[in-house]
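These notes are about the structure you will find just below.
Excluded from the calculations below are hydrogen atoms, water molecules and symmetry mates; all remaining heavy atoms, backbone and side chain alike, are included. Every chain is numbered from 1 and lettered A, B, ... according to where its sequence line falls, protein lines coming before strand lines.
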Amino acid sequence: MSKQNVILEARNIVKYYGEQKVLDIENFTLYKGAFNFLIGPNGSGKTTFLQILSLVDKDYRGELYYKGEAIDYQRDNLLKSRRKFSVIWQNPYLYKGSVSYNIGLPLRLRGVNKKSIHHKVKQMAEKLAITELLSKRHDQISGGEKQKVSIARALITEPEIIFVDEPTNSLDKESISFFNQHFSELVTDEMTVLLITHDLTQVKRLANHINSLDKGKLIYQGCPREYNSNNFHVI
Amino acid sequence: MSKQNVILEARNIVKYYGEQKVLDIENFTLYKGAFNFLIGPNGSGKTTFLQILSLVDKDYRGELYYKGEAIDYQRDNLLKSRRKFSVIWQNPYLYKGSVSYNIGLPLRLRGVNKKSIHHKVKQMAEKLAITELLSKRHDQISGGEKQKVSIARALITEPEIIFVDEPTNSLDKESISFFNQHFSELVTDEMTVLLITHDLTQVKRLANHINSLDKGKLIYQGCPREYNSNNFHVI
Amino acid sequence: AEERLVMATTTSTENSGLLAELLPPFEEKFDVRVDVVAVGTGKAINLAQNGDADVILVHARPAEDKFVEEGYGVNRRDVMFNDFVILGPKDDPADIAGMKDAIAAYKKIAESKSEFISRGDDSGTNKKELSIWTKAAIRPEGSWYLETGQGMGASINVANEKEAYIMADRGTYLAYSGDIELEILVSGDEILFNPYGIIPVNPAMYSHLNYQMAMALVGYITSQQGQKIINEYTKYGKQLFHPSAILPENIK
Amino acid sequence: MNYLQEALIEAFKLIINLDRELLDVVTTSLRLSVTSTLIAALPGILLGIIISRNNFGGKKVINVILNTLLGLPTVVVGLFVYSLISRRGPLGELDMLFSIRGIILGQIILILPIIIALSRNAIHDIDDKMYKTAISMGATRLQQFKLLLAEARYGISGALIAAFGRVIGEIGVSMMLGGNIRGVTRTITTAMAMETNKGRFGFGLALGLILLTIAFLVNFGVYYLQAGESSV
Amino acid sequence: MNYLQEALIEAFKLIINLDRELLDVVTTSLRLSVTSTLIAALPGILLGIIISRNNFGGKKVINVILNTLLGLPTVVVGLFVYSLISRRGPLGELDMLFSIRGIILGQIILILPIIIALSRNAIHDIDDKMYKTAISMGATRLQQFKLLLAEARYGISGALIAAFGRVIGEIGVSMMLGGNIRGVTRTITTAMAMETNKGRFGFGLALGLILLTIAFLVNFGVYYLQAGESSV
Ligand SMILES: Nc1ncnc2c1ncn2[C@@H]1O[C@H](COP(=O)(O)OP(=O)(O)OP(=O)(O)O)[C@@H](O)[C@H]1O
Ligand SMILES: Nc1ncnc2c1ncn2[C@@H]1O[C@H](COP(=O)(O)OP(=O)(O)OP(=O)(O)O)[C@@H](O)[C@H]1O
Ligand SMILES: [Mg+2]
Ligand SMILES: [Mg+2]
């Protein structure tokens, strides 16, 4: 791949939890407008790495480059960068309030006016078929519904990069296929995706690039074709 | 199926959340020593129904029969019945403390002595390959690890019936195949399983009985063969 | 009124209601606001020493004299006096009812080991009580002698609950008389008189003191007008204070 | 002597007559307690968050000290502040003794530990995911703070309510630093103490009932304002 | 007049001399505050749980009343209990006035609202899943209660610490119901109030410092006991 297509790069990332070294990654590349997958067994450090890449966790050693430039940790610039990203978390957290409050929250934080928030929330809810949930309280919805709300919340800002940690947990068949389809659609645009999953079919169907973690080390980087033949046992 | 093989029966179950009627089930049967599946789209009422069947939620209308006898809601008897059951929740809750504390907790509640708890916890952890996690704190483990801890905690009491709400969320390939295998092994014994899942391969591989919910109503009950041909689109 | 005069005084003075009659005419005349801070005698003197009050109105002669001697106070004047009474339960186990001699009454209380409540708080009243014990050549101690370390009213209540003897100022007794069963058993002994003095704080000690108004207040309170108000002030139908700056017969 | 009955009648009379002096002390009490609580709220909550969210050496000791300060007697605060603002104290020039400002200073010192400790407790139990989610949504520092307040609102408003209760019901500080000066620094509680001293127990209790009624109304108002509130 | 300095010296002297009277008041204070807190703990926590976990008519009003009672002035409690246990009151026969038992009764009334309200707040934020998981694990009622305590331990021990602080630092109840009788019901705080009234500010502050030191030691002990604790 050419350098032009690289949107985010990580070099020499080392992360400790207490005494335990959980990440040690020399070089990692996120390709623009593509489906980048991060796979690996439980506890291999995927979520930890995602937190670093998405600029949520600053407590690590190493360097990050966004479009070739080192990430600036000065507060305002950091915020600007973060606002280009979105994260769908492994176990989504919903804030106390209605479903529509939760979905609209990132826009609210960006100072978007109420009317426009209302409009976009409605649109997004329709896409995900959760319109009837909008007025429900955050703790009055089912597991899959919660997942969908968190997906809607992450998509509503139309981020440049979206980091996704096992988004299809708890989702039903229809929702999964919607998710896969919707994401593919989005990625035909400029959007970049980093997806963590244990779902092999998803990898097979969607992946443009595969990164495989094991015990905190990147043991494979490359395209799916090569990967399929050799390494599938490690997922 | 003959009546003898029925371990739990539910009749005329109606459940409301506020104004919303979320369950309306005339007749439901759980077969002994078998893999009973409960499937259906997001928000169809699966988790709600599981809470009723596992005697966790008492706030409903209808009757439950355990081995032909009506469930006795007198406190001591209820407790006795409950202690024959286990639940693996959709989003597991871990108590403040170590992983081993969490796994041993149900035994502790049953007054089992410390030595024997320690022994069983070790055994169970080995089975699930989470021995290195035992001394970690409840909030220092990854998503999949948390799921495994909750599975260990549910299995440790060797329950008669185990209720399982999407147990393979967040699990890696190895863990899933372990789970499927381990569960099959268990069920050759006397153990009864009620499993909620959106994973079709799991249904295909394991199911002895399928119950399909939609909008709070049981729209299919029967064996997988018939089901496969007609109804798979509703999962 | 913008100008402010801080007067520290004892709670008994404030609680008697006298100041509410005595001060307004002064405030109006001199266009000044008198802020009354009512605390225990010891605390009042301490506040004045710290320059937190401009003038004090208290009743503890030895402490007052020390205050002046040490240079904190100047121009002390007698203002008025009231009297203490010895209260006790109806059945009067020490048999002191109707006695005129307070010292003798104290002796009988001690001999019969009847419970006696002392304020034990170093207040003017407490000092007076202790001086009587000294004159009676008795060191009060033992389970019959209870020290409350509290104000007059609270101590009267303790005495009432315990059916014990206590020495109290007449004003506070009158205020409590509706609620208690204790009665006046001894009164009228000259040793029980309780003189009040007013002392401005020495302006040489602190620059911010409102010495001028303090002196004006001294002048007013010891004037015909002030003394008349004191003389005519009654509560529960009884005169509480007797003016001492001007002899009562000279008040016009 | 049924004090309670007497108190009820007295309280009723006082309220009916809308005594000017009563109005005065009620206003003073309310003004004091609302002001002190509001001033102490922001630094208190911030310190609570800082202590709860950061790991630093001596954190344990600070926590134990905080817990200790919950038992700060009003008299100690009163004496301490007195020694500062008395004429001979370092802040004597400011002329704060026997004034509303003096009382407020003392009350703030009294309730700061309460607000810090109780908001620390409230924040302690907030899930780490809350913070991560807020950051990933692109919340500024201030917005993160507001989201945290919204999530912990039950506990934090509990802290403020407890602080408000502490100041509206306290006597020591108001007495010592305010001096219970009629028409100036007399509050419901100092008036209550005075009446009790005079032996007018019924009247004292009546004032207590009025105080509780007012506190009830304030809490009621806050409760219903909160109910209709939204956040961020 | 550097009271702080004077207070430190006084406090030091008092402690060095191990004055018998000082020992007496310290013992009384500790005995009172520990006893009152322990007695009020169980009913307080239980009521907190009940209010937090159940929906019933009038819950809102009860919550507002609870919040109001956080502002219960000690004098009001004192007067109220006084009218009950005075010789002429309904409980006069029990001879509780001016005794340790009388103070304890008053202090319990004073801190019950604190314990109830703060444990209610602590329990309010516990996830519903906690209860469901406990039930499904086969926990008895008592075990559910213990698990809840363990999960909310930070907030609930916070409630008890706040209550302990309130009683060890309060004066009004001890003064009114105990009478500050030397050698019998005199506590650190009532002694402190007395010394302050006498104008012995330094001595008063010294007693305050001793009180805080003792409260610190108690909190320190509790903190370290807790650290090594396990649950259920
Ligand atoms: N807060 C924490 N403190 C200490 N150790 C942690 C913490 N969070 C995670 N770990 C450990 O770090 C390692 C990597 O965790 P991480 O959550 O990144 O795994 P993961 O690849 O996302 O796993 P999964 O597929 O189960 O979600 C694991 O060994 C885990 O136990
Ligand atoms: N606490 C609650 N209060 C009100 N409504 C609720 C509550 N919990 C769930 N619901 C609603 O009840 C319906 C059934 O929820 P349930 O959790 O049983 O669904 P489910 O079949 O488990 O879905 P999923 O596959 O997403 O987990 C949904 O419409 C949901 O929104
Ligand atoms: Mg993970
Ligand atoms: Mg569910």
If I measure from the heavy atoms of chain E, does L72(D) come under 4.5 Å with its side chain, its backbone, both, or neither?
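For L72(D), the contact with chain E is made by backbone and side chain together.
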
Check whether L212(E) gets within reach of chain D through its side chain, its backbone, both or neither, counting any heavy atom under 4.5 Å.
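It is both, since atoms from each part get that close.
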
By a 4.5 Å heavy-atom criterion (distance strictly below it), what part of L205(E) contacts chain D: side chain, backbone, both, or neither?
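Both parts, backbone and side chain.
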
Quiz: residues 103-122 of chain E side-chain donor-acceptor pairs under 3.5 angstrom, not counting sequence neighbours:
residue	atom	partner	partner atom	Å
Q107(E)	OE1	S36(E)	OG	2.8
Q107(E)	NE2	E170(E)	OE2	3.2
S119(E)	OG	I115(E)	O	2.4
R120(E)	NH1	N63(E)	OD1	2.5
R120(E)	NH2	N67(E)	OD1	3.0

For the interface with chain E, which of I168(D), T189(D), I65(D) has the highest count of heavy-atom pairs at distances below 4.5 Å?
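Among the listed options, the one with the most contacts to chain E is I65(D).
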
At a heavy-atom distance under 4.5 Å, which candidate from L69(D), V76(D), L79(D) has the highest pair count against chain E?
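Counting heavy-atom pairs under 4.5 Å, the top option is L79(D).
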
Would you please classify the geometry between the H124(D) ring and the Y154(E) ring as parallel, tilted or perpendicular, with 30° and 60° separating the classes?
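If you compare the ring of Y154(E) with that of H124(D), the planes turn out parallel.
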
Is it the case that the side chain of T190(D) and the backbone of R186(D) share a donor-acceptor pair, with hydrogens and angles ignored and the cut-off at 3.5 Å?
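Pair absent, no side-chain N/O of T190(D) close to backbone of R186(D).
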
How about NZ on K60(D), more than 12 heavy atoms from neighbouring residues, nucleotides or ligands closer than 6.0 Å, or not?
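At most 12 heavy atoms, drawn from other residues, nucleotides or ligands, come within 6.0 Å of this atom.
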
Less than 4.0 angstrom from a charged side-chain N to a carboxylate O is my criterion; do D125(D) and R153(E) meet it?
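R153(E) and D125(D): not salt-bridged.
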
